[in-house]
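The sequence lines fix the lettering, A, B, ..., with proteins before strands; numbering per chain opens at 1.
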2 protein chains.
Amino acid sequence: MTATITDIAQRLKLSNSTVSKALNGYHDVSVATRELVRKTATELGYQPSAAARSLRRGRTDKIGLFLNTAITYVVDFLSGVLPGAALTAQGWGQNLLIYTITDNDPGHLLKACRAGEIDGVILFSTHYDHRTINALLEAEFPFVVMGREIADERVSYVVPDYYRGSVMAVEHLLALGHRRIAFTTRPELGTANNARLRGYLDALTSAGIAIDERLIVETRIQPFSGIEPTRQLLSLKSPPTAICAFHDLIAMDAISVAQEYGLRVPDDVSIIGFDGLRAGLITTPQITTLAQPLEYIGQRATEVVCQQIAEPDRPPVHEVVPVELIVRGSTKQYSGGV
Amino acid sequence: MTATITDIAQRLKLSNSTVSKALNGYHDVSVATRELVRKTATELGYQPSAAARSLRRGRTDKIGLFLNTAITYVVDFLSGVLPGAALTAQGWGQNLLIYTITDNDPGHLLKACRAGEIDGVILFSTHYDHRTINALLEAEFPFVVMGREIADERVSYVVPDYYRGSVMAVEHLLALGHRRIAFTTRPELGTANNARLRGYLDALTSAGIAIDERLIVETRIQPFSGIEPTRQLLSLKSPPTAICAFHDLIAMDAISVAQEYGLRVPDDVSIIGFDGLRAGLITTPQITTLAQPLEYIGQRATEVVCQQIAEPDRPPVHEVVPVELIVRGSTKQYSGGV
DNA sequence: GAAACAACCGAAAACGATTTCGGAAGATGG
DNA sequence: CCATCTTCCGAAATCGTTTTCGGTTGTTTC
């Protein structure tokens, strides 16, 4: 099929060892033959066999980013994260591969690691699985979690500052005069979500506003899953004047439900999202949101795992990156009576 | 590190060969030892080395889907395509990997193929590159192009029916009484785009309507890149009563420009998109669009490349999958005087 | 002029699996 | 009882690299 190292050796009447050393720039071989070898290598379109090389060297120079294809919205996150991650990996001489996990085969990740397909793992928030993480720790396999804070000291993560994000969102709404501020949260337990909820609660209480449990609703993060919870909120006897959604997709649903209820956004109800999605720009009105520096997150996560591959004994990294409030059209000064 | 086949052999006082055969289900080994081997294999958490196995067998059971991270909108496409592709690959015993191409390293794909990292390639529309495709053909490497029709007979592709899509869009607008129908097209040359344009032209001419060159404008497919071209259209002395955008993103831009010009959508101007994006649901009005069966496209493309891996001599597949007109709120009966 | 030293190159052993081929038992058949 | 056939297992080659360890030359040093 493709040319091997032996082909070059035979054509040049050299040994395999010399060719290999020439290609890898050892000082063990004269410049003349080195050049000669390199020339014929490109001539023959030689590309070292990944399998053979990885077998011998014991590493692959590949890191795997795992994502569950069943979860649709991860792709939004992914698109932001990918450029930073891919470029950084390249800078470290690593190859970034995206592995698709399906629900049918949860062991995929571990298998890939144990089979030596990759040298490191970037774990997407949503695949948080206790057993997986423990297995990786056990095997001392380099990995980093992206987008979710993990309670275990030993695991590295890079995560946006969800807590501050919530606080900023609520403070923004408070500054606009809102007092009845609703919050959507995810049913699953998880630190990320808790951080968001904590931020909401803290911001309200430190402003001296009592928590109204009815203003906190649960929703999953699927297309249209924000519809029903928003209806629930807007059907209250005293509905909120502002809604703090934990994701732009939910905010979009909220906007459409508001319209359904004959409410104008932002005149009658303010809505704020989270994620800074590009899609938030094309709604009417555009969504006020908290933008995560996705590209930076991708870059840092990759860096962390590459460092861990290079120096396995490094201490774990816990990085919380700041988010930014982007005020657009979906929030406005509260105009109703107090 | 992890257990090898030799570890199992030594522990059981068997030879490597026997262990290997036991694990691979050869009839060459008694049921008793087979069970024994399997039990200890799982006990030791054995996972065959991907490198060693691939080196010996000459295949990897992996196929690579390549996408350029620099292009933002491919991710919209990807999210739709991925579930189908991943599941299908699994069904064929293949592993779907996503490779990120960066602009820095255009040769990445060829390198991965020649290094034997993967057995097949799914090429994303946007990475159409003559040299790459020719190199793959030359090497007789199994691959399929997804989302773009390729002129070369020898290359397999799975592509939505852009031509029929355009025809359906125009016919829909014609049926609503529109006669001045504008069309946005991409500056790059490419069969997909030509098919769209051809559909537009054919539908109009077969309805006996003369083509007005001023109603055909070019635009790239980036956030907000549809703004300027739409302004151009609506500034005409006799502006179009309907706009046929080649992507939902462009349609969104068109809607906002229409509002900027004080025109109501769909009352004053009808707008139709392409892609069936979810985002098209949250605009006001919701966008009438032509939906591609993305999941099916992902599934079929994967199937095709898997078949080609299994039987290299199969004839190439050229599949054009039908699209579906989804009438939503952005198109309406033409109300102006004729 | 012998000894030490570079500078180059090659033989061979890995890496961990798969697969071919043959051999040693035991079972079967005539 | 010998020949033939199964059944089960192991030795060894192989995939394409990398890397260690010597072995040639030719050159320098005292």
Side-chain angles (χ1 to χ4, degrees), chain A residues 1-38 40-41 44-62 93 95 111-119, chain B residues 1-38 40-41 44-62 93 95 111-119:
Chain A
M1 180 82 87
T2 71
T4 76
I5 214 172
T6 318
D7 295 332
I8 304 179
Q10 284 180 347
R11 178 194 271 240
L12 259 47
K13 295 207 197 324
L14 287 172
S15 75
N16 281 2
S17 353
T18 309
V19 174
S20 171
K21 283 184 284 193
L23 291 173
N24 293 335
Y26 278 55
H27 287 290
D28 210 1
V29 48
S30 73
V31 275
T33 56
R34 177 153 54 209
E35 284 316 308
L36 192 60
V37 167
R38 292 206 168 145
T40 55
L44 268 59
Y46 169 75
Q47 185 71 31
S49 148
R53 162 174 280 205
S54 134
L55 177 59
R56 172 64 225 219
R57 300 170 78 163
R59 60 198 168 86
T60 60
D61 296 332
K62 296 189 204 312
N95 218 304
K111 258 188 257 172
C113 296
R114 278 204 278 258
E117 291 179 20
I118 44 180
D119 298 343
Chain B
M1 182 81 88
T2 69
T4 76
I5 214 172
T6 319
D7 296 331
I8 305 179
Q10 284 178 348
R11 178 193 268 239
L12 260 45
K13 297 209 199 321
L14 286 173
S15 75
N16 282 2
S17 352
T18 310
V19 174
S20 171
K21 283 184 284 193
L23 291 172
N24 291 335
Y26 278 55
H27 288 290
D28 210 1
V29 48
S30 74
V31 275
T33 54
R34 177 154 55 207
E35 284 316 307
L36 193 60
V37 167
R38 291 205 169 146
T40 54
L44 268 59
Y46 169 75
Q47 185 71 32
S49 150
R53 163 174 280 208
S54 132
L55 177 58
R56 172 63 226 221
R57 299 169 80 162
R59 61 197 168 89
T60 61
D61 297 331
K62 296 188 204 313
N95 217 303
K111 259 189 255 171
C113 296
R114 278 204 276 257
E117 292 179 18
I118 44 180
D119 297 344

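What separates CG of A/Leu36 from P of C/dC8 is a distance of 15 Å, to the nearest Å. Separating the CZ atom of B/Arg59 from the P atom of C/dT18 is a distance of 10 Å, rounded to the nearest angstrom. Atom CG in B/Leu23 sits about 16 Å away from atom P in C/dG16, given to the nearest Å. Rounded to whole angstrom, the span from the CG atom of B/Asn24 across to the C1' atom of C/dG16 amounts to 13 Å. Here C/dG10 presents its C1' atom at 15 Å from OH of A/Tyr26, a figure rounded to the nearest Å. Atom pair A/Asp28:CG and C/dA11:P shows a separation of 15 Å (rounding to whole Å applied).
For C/dC9, the OP1/OP2 oxygens have a side-chain nitrogen or oxygen of A/Ser30 closer than 4.0 Å.
Side-chain contact between A/Tyr46 and A/Leu23 is present, with heavy atoms from C-beta onward closer than 4.5 Å.
Of all heavy-atom pairs spanning B/Thr2 and A/Arg114, the tightest one is OG1-O, 3.9 Å. Listed here is the closest heavy atom pair of B/Leu55 and A/Ala51: N-CB, 3.7 Å.
Near DNA chain D, meaning a heavy atom under 4.0 Å away, the residues from residues 6-19 of chain B are B/Lys13, B/Leu14, B/Ser15, B/Ser17, B/Thr18. Near-neighbour residues of DNA chain D inside residues 47-58 of chain B, defined by a heavy atom below 4.0 Å, number-ordered: B/Leu55, B/Arg56.
The residue among B/His27 and A/Ser20 whose nearest nucleotide of DNA chain D lies closer to the 5′ end is B/His27.
To the nearest 0.5 Å, atoms CG (B/Asn24) and CZ (B/Arg53) are separated by 5.5 Å. How far CG of B/Leu36 is from OG of B/Ser30: 9.0 Å, rounded to the nearest 0.5 Å. Taken to the nearest 0.5 Å, the CG atom of A/Asn95 stands 8.5 Å off from the NZ atom of B/Lys111. Here the straight-line distance linking atom CG of A/Leu44 with atom CD1 of A/Ile5 works out to 12.0 Å at 0.5 Å rounding. Atom CG of B/Asp119 is separated from atom OG1 of B/Thr60 by 3.5 Å, given to the nearest 0.5 angstrom.
In this structure, B/Arg57 has no side-chain hydrogen bond (donor to acceptor under 3.5 Å, both in side chains) partners at least two apart in sequence or on a different chain. B/Arg59 meets the salt bridge (charged side-chain N to carboxylate O under 4.0 Å, His left out) test with B/Asp61; sequence neighbours excluded. When the side-chain contact (heavy atoms from CB on, under 4.5 Å) test is applied to A/Ala115, the partners found at least two apart in sequence or on another chain are A/Glu117, B/Gln47, B/Ala50. Not a single side-chain hydrogen bond (donor to acceptor under 3.5 Å, both in side chains) links A/Ser49 to another residue, sequence neighbours left out. Residues passing the salt bridge (charged side-chain N to carboxylate O under 4.0 Å, His left out) test with A/Asp7: none are found, sequence neighbours excluded.
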For nucleotides 24-27 of chain C, list the nitrogen or oxygen atoms of the protein found under 3.5 Å from its nitrogen or oxygen atoms, one pair per line.
none

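First and last contacting nucleotides of DNA chain D toward chain A (any atom under 4.0 angstrom from a heavy atom, 5' to 3' order): D/dG16 to D/dT20.
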Just distance, no hydrogens or angles: give the donor-acceptor pairs under 3.5 Å from side chains in residues 12-19 of chain B, sequence neighbours left out.
unit_1, atom_1, unit_2, atom_2, d
B/Ser15, OG, B/Ser17, N, 3.4
B/Ser15, OG, B/Ser17, OG, 3.3
B/Ser15, OG, B/Thr18, N, 3.2
B/Ser15, OG, B/Thr18, OG1, 2.9

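Here salt bridge (Lys or Arg N to Asp or Glu O under 4.0 Å) pairs that include residues 23-32 of chain A, with residues two or more places apart or in two chains, are A/Lys21-A/Asp28.
Remark on the helix from C/dG1-D/dC30 to C/dG30-D/dC1: inter-end axis angle 50°, axes from five-pair C1' superpositions, rounded to 10°.
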